[in-house]
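Okay, so here's the structure we're looking at.
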Amino acid sequence: MGKIFLVIQREYFSRVKKRSFLLATILTPLIFPAIMGLFLWISVGEKDGFSLRIIEVVDENDLFFLESSEQYAFSFSKISREEGKLMVQEGERFGFLYIPKIELSKPAGIVYFGEKNPSMSLISTLESSLKRTIEEQRLYQSGIDPNVIDAFRTKVSIQSVTLDNAGEEKISDATVNYGIGFFAGIMIYVFIFVYGNQIMQGVIEEKSSRIVEILVSSIKPFQLMLGKIIGIGAVGLTQFLIWMLLIGTITSIVMGYFGLQMPQQQAMEMANPELGLLMDDSFDSNNIIQVLQGIDFVKITLMFLFYFIGGYLLYGAFFAAIGAAVDSPSDAQQFMLPVTIPLIIAYLGLFIFVLDDPNSRVSFWLSVIPFTSPIAMMGRASYGVPAFDLILSMGFLVLAFLFTTWFAGKIYRIGILIHGAKVNYKTLWKWITTS
Amino acid sequence: MEILKIQDLSKSFGQQPALSHIDLVVPRGVIFGLLGPNGAGKTTLIRIINQIIDGDSGLILFKGEPLSSKHISQIGYLPEERGLYKKMKVWDQLIYFARLKGMSASMAKEKVKYWLEKLEISSWREKRIEDLSKGMAQKVQFISTVIHEPELLILDEPFSGFDPMNAEIIKNEILELKDKGITVVLSTHRMESVELLCDEIAMIHKSKKILEGKLSDIKRKFRPHVYQVALSPNGTQMPAEWGIHRTSDKVEIQVPLNGKRPNQLLLELMSFGDILEFREILPTMEELFIQQVKSHPHG
């Protein structure tokens, strides 16, 4: 055991101390907040940088009223259409909205003149506010008080609540659950590939530089393989934890700095006032907090760590065996298929079946079969997984990990000592059966 | 007492026998030459002694006990195909190998320091292997083999990759280790170093052992019974088959014994002039090697 620990130590520190590890670990989580920050900076700068944009409005009906906002001010006047256009041309006004005499039932001929193409948000703001005025006017003409209509406008939203065995109720939200499953599944998928590859590279390095013969005269090949897998896994886990910490910290700093710690809804409302109107009560921030409170984060985190590590170990042994069988990374390609295919099936299964319906039969099998379960089960995690499924899946994963490691160990211990030989699946099978 | 005793060891890879019924005894404190042409089975034998692979049948005793993993720390191994971690520093690397052989951290540090100073390479301790020349790396490699003070040292072609200067240093280190009582098994194709270093040898050919014993005994056993003689001639005619080589003041000849005793031969030779030199010709290892391989076409 002491020797495995030495190998783990070497694998871990030789990677963690590298400059490239430090760079990747620090820069990767900086990229997302940096991009977000950049956009926020630009948009904030835009607001501060420009003075109010004045839009000249000519309403031949004397009917409409447009409320000025932070960005746009509306100046009503009685100038002619040509005069208005001239004002825009000369840069005196940002834009010019011309509303001719219109029939309320068939409003037509409203034109916006601008030096630049107007933004979507400006046009939709103008449209919706004109629309509302016309609608109200028409209701009024039909003898209906718009206030009465307002009173009848009903908003409907369905709140979904999950019940557990004890009858405890939790407010759930499919979007949040989807997000958690999506994120966790992808993390595990990427992690297995990136760090599995590092195992393979490491084994190839030891094999091709012939260190391995010295190593295996001091330590059993199986111990060496296990030490390498665990050591590199620990590097991955370290990197992941640092990322989580950094992303969390930086995101909150960035958001805090720009004073934008507002609920999502408000941001959406800004972009589209009509949407805001519709979503008014159904999606308030209170609700999100309630949804988040309904999710058992401790359980999900533990599950994530289990499948994160389990999936990595399961495939790590395969990557080690592949590295041992070949002389150079370019030869490894031919053996990658048995590793890649189940991973891709798991990845596609996550999107097509599991996130779509976590309780379907396909989702069950995907999350129980060990070669797909680390990714697929995370898609089900936040929806709540029955204890039976979970125990079955975890048990299988542990058994499969022991099996693949034993199996890979057989290939590994022979492969590392064989150089320059043409290795195919037939030779691999011979190694397994003869050792 | 012997440090290593191998009894009836066999190993085959599929249908291909690599070692068949090998018996071998390596006495303590000697330099033991393990010889044989390429593909004879030397590397397989060495790997089995190092417990890298297992034999199919037979027994290996290390200091009288069946060889097991507890003996790993008492064996040092320098494989023919060898390498180091290119990105690792000399110091870290040596400590790692020492620890893998079961040394404590403090002991490992002390020993690495000792060896770096001994081979006068202390200034490289913070260098990465990739920044060293091949010869420098070989020195580090040699240290990694002996760092844990093994009782049995197995060196497979230890001089390959060394320039003559460094080869000399390593040769002296090997002799010094022998003086300390360490047993060295030396596998090499360089017969001149066998001649120079080995006390005992064993020869393997086509998976079988064809020769074993003290180097001096073997040489005597296979001597051609011919004497190298130098004399200042008195004019008497010598038989032409003696291979006469004349210089200005002496004649050198090679005289077969032809069943006579050496003293008898000497007496006869005295009639041809004054004897300056009289010495039995022993076969060189080179000659022995070729002769043995040829006379055992099927191992």
Side-chain angles (χ1 to χ4, degrees), chain A residues 1-21 198 201-224 227-228 231 327 410 412-421 426-427 429-435, chain B residues 11-16 43-44 46-54 56 69 71-89 92-105 108 128-130 137 140-142 144-145 147-148 150 152-154 156 161:
Chain A
M1 260 334 265
K3 287 186 181 176
I4 293 189
F5 187 69
L6 282 172
V7 178
I8 294 172
Q9 233 179 357
R10 196 202 83 83
E11 297 295 339
Y12 183 79
F13 287 111
S14 70
R15 286 181 170 75
V16 171
K17 280 182 185 167
K18 266 194 214 158
R19 233 171 267 135
S20 57
F21 175 84
Q198 287 212 19
Q201 301 284 354
V203 172
I204 291 174
E205 187 211 339
E206 278 173 1
K207 186 184 169 179
S208 61
S209 66
R210 318 287 169 123
I211 305 162
V212 76
E213 183 144 5
I214 298 169
L215 293 175
V216 294
S217 71
S218 315
I219 181 170
K220 286 199 168 62
F222 189 73
Q223 294 177 310
L224 180 63
K228 186 173 269 305
D327 285 328
K410 280 173 162 272
Y412 180 84
R413 51 175 288 199
I414 296 185
I416 45 172
L417 295 174
I418 290 183
H419 296 281
K426 216 172 122 190
T427 12
W429 183 246
K430 223 164 75 187
W431 293 355
I432 294 162
T433 48
T434 54
S435 66
Chain B
K11 169 80 183 176
S12 54
F13 296 110
Q15 297 295 311
Q16 187 73 33
T43 301
T44 304
I46 288 175
R47 281 179 175 171
I48 291 173
I49 297 170
N50 276 300
Q51 302 174 62
I52 293 171
I53 52 177
D54 299 322
D56 295 338
S69 57
H71 298 123
I72 281 175
S73 62
Q74 297 169 42
I75 301 176
Y77 175 39
L78 181 69
E80 181 177 6
E81 300 274 15
R82 50 200 171 233
L84 298 162
Y85 288 107
K86 290 191 190 70
K87 303 261 177 217
M88 233 172 150
K89 287 173 183 161
D92 294 341
Q93 190 134 216
L94 289 172
I95 295 280
Y96 181 57
F97 283 126
R99 301 277 333 258
L100 272 186
K101 281 287 188 184
M103 270 192 151
S104 71
R128 289 162 195 267
I129 297 298
E130 60 187 355
V140 176
Q141 189 99 56
F142 181 78
S144 76
T145 311
I147 189 79
H148 57 293
L152 176 66
L153 198 57
I154 300 173
D156 198 348

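As the structure is a prediction and not an experimental result, all values here were calculated from the model.
- Smallest separation of non-hydrogen atoms from R99(B) and A108(B): CD-CB, 4.2 Å.
- Checked for salt-bridge contact, E205(A) and K87(B) miss the test: no charged N lies under 4.0 Å from a carboxylate O.
- For a residue to count as touching a neighbouring chain, one of its non-hydrogen atoms must lie under 4.5 Å from one of that chain's; by this rule K18(A) does not touch chain B.
- With a 4.5 angstrom heavy-atom cutoff, Y85(B) touches chain A via backbone and side-chain atoms both.
- Heavy atoms of S69(B) lying under 4.5 Å from chain A belong exclusively to its side chain.
- Contacts between L84(B) and chain A at a heavy-atom distance below 4.5 Å involve the backbone alone (N, CA, C, O).
- With a threshold of 4.5 angstrom between heavy atoms, V212(A) does not approach chain B through any atom at all.
- Of the two parts of S14(A), neither the backbone nor the side chain holds a non-hydrogen atom closer than 4.5 Å to a non-hydrogen atom of chain B.
- Using a 4.5 Å heavy-atom cutoff, the side chains of K3(A) and I72(B) are in contact.
- Taking 4.0 Å as the cut-off between side-chain N and carboxylate O, E80(B) and R210(A) do not count as a salt-bridged pair.
- Looking only at side-chain heavy atoms (C-beta outward), R82(B) and D156(B) stay at 4.5 Å or farther from each other.
- Contact annotation: the side chain of I75(B) never approaches that of S217(A) to less than 4.5 Å [non-hydrogen atoms, C-beta and beyond].
- Contact annotation for E206(A): only side-chain heavy atoms (C-beta onward) come within less than 4.5 Å of a heavy atom of chain B.
- Ranking E213(A), R10(A), K220(A) against chain B, the residue ahead of the rest is R10(A), based on heavy-atom pairs under 4.5 Å.
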